[in-house]
Amino acid sequence: MRKRLALLMLLFSCAAVCSKLSAQDAFTSNRLNELFALLPLECKNALSRSTENKCSCNIKGNSLPIKVSFNSQGQLSHLGMDLFSFDANLLYPNTVLSFIERSFLEYFIWNDAAIIDKKNKEDKIALLINGKQFNSLSNEKLSVILPILQSDAKGLNIKQDSLFYQATISSGKENVSLLFAANYQVVSGMDKKEYAHQIINALKTYKAKSNLSPSINPLSLKPYREDLKVNIGKAYYKTISSNTYFKCAGNECEPVFDGQYPLESFTNTFLAAGDFNKDITLRIEQKIYANEKEQYEVGLSDYLAYFKNDFELYFGMENNSEKMLDGTLILYNRQLNFINLLYVSSTPQEFFKTGKRVLKAKFYTNIPSDNIKNLFAEKENTK
């Protein structure tokens, strides 16, 4: 908390200094930087004094509850109207709730129907009040939605229909809705470069709490080959799936990690938790934007743990020979319709040796999931 308040005081202390700070220094995105800059000075001062990172702020004649949040690197990662308790609301992802809060704060700061209309068209967002679209041709004032947003008895309903969300806040017979794309850049407010930097900064410091292998019911396993069994998962694309492989002795089954079964062992390393991947380090080359890349190392178990809550993991083996093991890990975010892709490679000698091991990896982030078939088609054509 002291670190966060110190950051706020730094941001508020001098406009000249603040203007020189880049979005990556103090904010997770330039959009948050710009939104913060538009807050009235008294609102910034109130936030700096708050021990809860919240305040009531008068913005163009409307009294609004405002809150900010910070990530583990001390960057301001969220700024919006204080509408929801994220910890208590487990039905909907925090990224979507943050988007709703940020969007309504932007509307009240802009406070101009023509600007709201223009911005919504750019981001492919629709704002509806009681089922009717709010736009520059409407005589309706934005302030009419405040009683709905600030009602203690307001209800929230969020529906995802394939590529789109509809979030509706209602109070009695009145309601306000946002329609928006299930797209990470729209919802997070970050561009591809900002997202890549956020992931790099987070992975460099993240440590998994536990790597215990969950118990498996032997009855759920299917015969696979020789003395192995398979836990059949979901398929993502052709041979890319979430299948994991086990060796059983009576009612005790353990994930396979054995040089006799390189394909199954390599796959398990990325999809099945256990001690067999705790000594593996990924030496990652990550593409950030255009020709910009960054290299860093992260423990494989930490890497997998970081993504496991928000992503579905799938793995496909591409090369299984005496000289090379390589494959592709797909991290699919179904809620926001994008993937991260990790291409990993090693020699069997390096992979199966005892002690610490290093796998080479190339990491690509924030790929629209619609592009995945084209991506693999291009790879197959090249081969």
Side-chain angles (χ1 to χ4, degrees), residues 1-12 18 21-36 44 47-48 50-55 66-80 82 84-90 92-102 184-185 187-212 273 277-278 281-284 286 288-289 294-311 313 331 333 335-336 338 340 342 361 363 365-366:
M1 180 63 71
R2 290 180 179 177
K3 182 179 179 182
R4 295 174 179 178
L5 290 176
L7 174 62
L8 279 171
M9 292 300 293
L10 174 65
L11 291 172
F12 304 149
C18 292
L21 287 172
S22 71
Q24 270 334 114
D25 289 327
F27 304 86
T28 56
S29 71
N30 188 56
R31 184 152 188 163
L32 282 177
N33 191 359
E34 292 175 348
L35 180 60
F36 181 85
K44 298 175 183 177
L47 280 172
S48 71
S50 171
T51 58
E52 297 180 337
N53 297 325
K54 298 179 181 181
C55 74
I66 306 296
K67 73 179 178 189
V68 293
S69 300
F70 298 85
N71 64 17
S72 59
Q73 289 80 49
Q75 295 172 304
L76 193 148
S77 57
H78 174 54
L79 170 61
D82 185 14
F84 314 112
S85 173
F86 292 2
D87 294 335
N89 198 321
L90 302 179
Y92 309 117
N94 284 355
T95 49
V96 173
L97 298 178
S98 296
F99 166 78
I100 297 169
E101 291 189 336
R102 186 186 74 242
Y184 190 81
Q185 289 181 231
V187 174
S188 70
M190 288 190 285
D191 60 28
K192 294 177 74 70
K193 184 175 181 178
E194 290 167 340
Y195 176 72
H197 278 295
Q198 182 195 55
I199 292 297
I200 291 170
N201 293 334
L203 286 175
K204 284 181 177 179
T205 59
Y206 185 81
K207 295 299 178 184
K209 295 180 180 179
S210 172
N211 196 38
L212 296 178
N277 63 18
K278 70 177 182 180
T281 296
L282 294 174
R283 184 169 292 156
I284 295 175
Q286 180 172 337
I288 297 174
Y289 187 76
E294 184 164 340
Q295 295 183 343
Y296 59 99
E297 293 186 355
V298 60
L300 176 58
S301 57
D302 296 327
Y303 178 93
L304 297 173
Y306 178 80
F307 289 106
K308 71 176 183 179
N309 289 331
D310 296 323
F311 291 79
L313 273 58
L331 303 113
N333 187 308
Q335 294 169 329
L336 296 176
F338 76 100
N340 295 326
L342 184 78
F363 191 27
T365 55
N366 201 351

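Just so it is clear, the structure is predicted and the values come from calculations on it, not from any experiment.
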Could I get the full list of side-chain contact (heavy atoms from CB on, under 4.5 Å) partners for Lys67, not counting sequence neighbours?
Lys54, His78, Asp82, Phe86, Glu101

Spacing of CG belonging to Asn277 relative to CG belonging to Leu300, to within rounding of 0.5 Å:
5.0 Å

Separation between CG (Leu342) and OG1 (Thr365), nearest 0.5 Å, reads 11.5 Å

Report the C-alpha separation of Phe363 and Leu203 in whole Å, then their side-chain angles, then the decisive distance to 0.1 Å, and conclude whether the side-chain contact (heavy atoms from CB on, under 4.5 Å) test is met.
CA-CA 12 Å; Phe363 191 27; Leu203 286 175; 4.2 Å; yes

Would you please name every residue forming a side-chain contact (heavy atoms from CB on, under 4.5 Å) with Glu297, sequence neighbours left out?
Thr281, Arg283

If you round to the nearest 0.5 Å, how far is CD1 of Ile288 from NZ of Lys193?
7.5 Å

Just verifying a value: how many Å separate Lys308 NZ and Ser301 OG, rounded to the nearest 0.5 Å?
10.5 Å

Provide the closest heavy-atom pair for Glu194 versus Gly189 in the form atom of the first, atom of the second, distance.
OE1-O, 4.0 Å

Applying ring pair (Phe, Tyr, Trp, His ring centres under 6.0 Å) to Tyr289 and not counting sequence neighbours gives none

If I compare all heavy atoms of Ala202 with all of Gln73, which pair ends up nearest, and what's the gap?
CA-NE2, 3.8 Å

Considering non-hydrogen atoms only, spot the tightest contact between Ile100 and Phe84 and give its length.
CG2-CE1, 3.9 Å

Let me see the working for Val298 and Tyr206 under side-chain contact (heavy atoms from CB on, under 4.5 Å), right down to the final yes or no.
CA-CA 9 Å; Val298 60; Tyr206 185 81; over 6 Å; no

Side-chain contact test, heavy atoms from C-beta onward, threshold under 4.5 Å: evaluate it for Arg102 versus Leu35 and give yes or no.
yes

Please give me the minimum heavy-atom distance between Leu47 and Val68, naming the atom from each residue.
CD1-CG1, 3.9 Å

Tell me, please, which residues at least two apart from Gln185 pass side-chain hydrogen bond (donor to acceptor under 3.5 Å, both in side chains).
none

Quick one: salt bridge (Lys or Arg N to Asp or Glu O under 4.0 Å) partners of Glu34, sequence neighbours excluded?
none

d(Met190 CE, His197 NE2) to nearest 0.5 Å is 12.0 Å

Evaluate the criterion side-chain contact (heavy atoms from CB on, under 4.5 Å) for residue pair Asn340 and Tyr195; output intermediate values, then yes/no.
CA-CA 11 Å; Asn340 295 326; Tyr195 176 72; 3.0 Å; yes

Has the side chain of Asn30 got a donor or acceptor atom that lies under 3.5 Å from a matching backbone atom of Asn33?
no

Shortest non-hydrogen separation from Lys44 to Phe36 and the atoms involved:
CE-O, 3.1 Å

To the nearest 0.5 Å, what is the distance between CG on Leu304 and CG on Leu313?
6.0 Å

Can you name the residues that form a ring pair (Phe, Tyr, Trp, His ring centres under 6.0 Å) with Phe307, not counting sequence neighbours?
Tyr303, Phe311

Does Ser77 have any side-chain contact (heavy atoms from CB on, under 4.5 Å) partners at least two apart in sequence or in another chain, and if so, which?
Thr28, Ser69, Asn71

Should Ile66 and Cys55 be marked as a side-chain contact (heavy atoms from CB on, under 4.5 Å) after you check the CA-CA gap, both sets of side-chain angles, and the distance that decides it?
CA-CA 5 Å; Ile66 306 296; Cys55 74; 4.2 Å; yes

State which residues pass side-chain hydrogen bond (donor to acceptor under 3.5 Å, both in side chains) with Asn366; sequence neighbours excluded, sorted by chain then number.
none

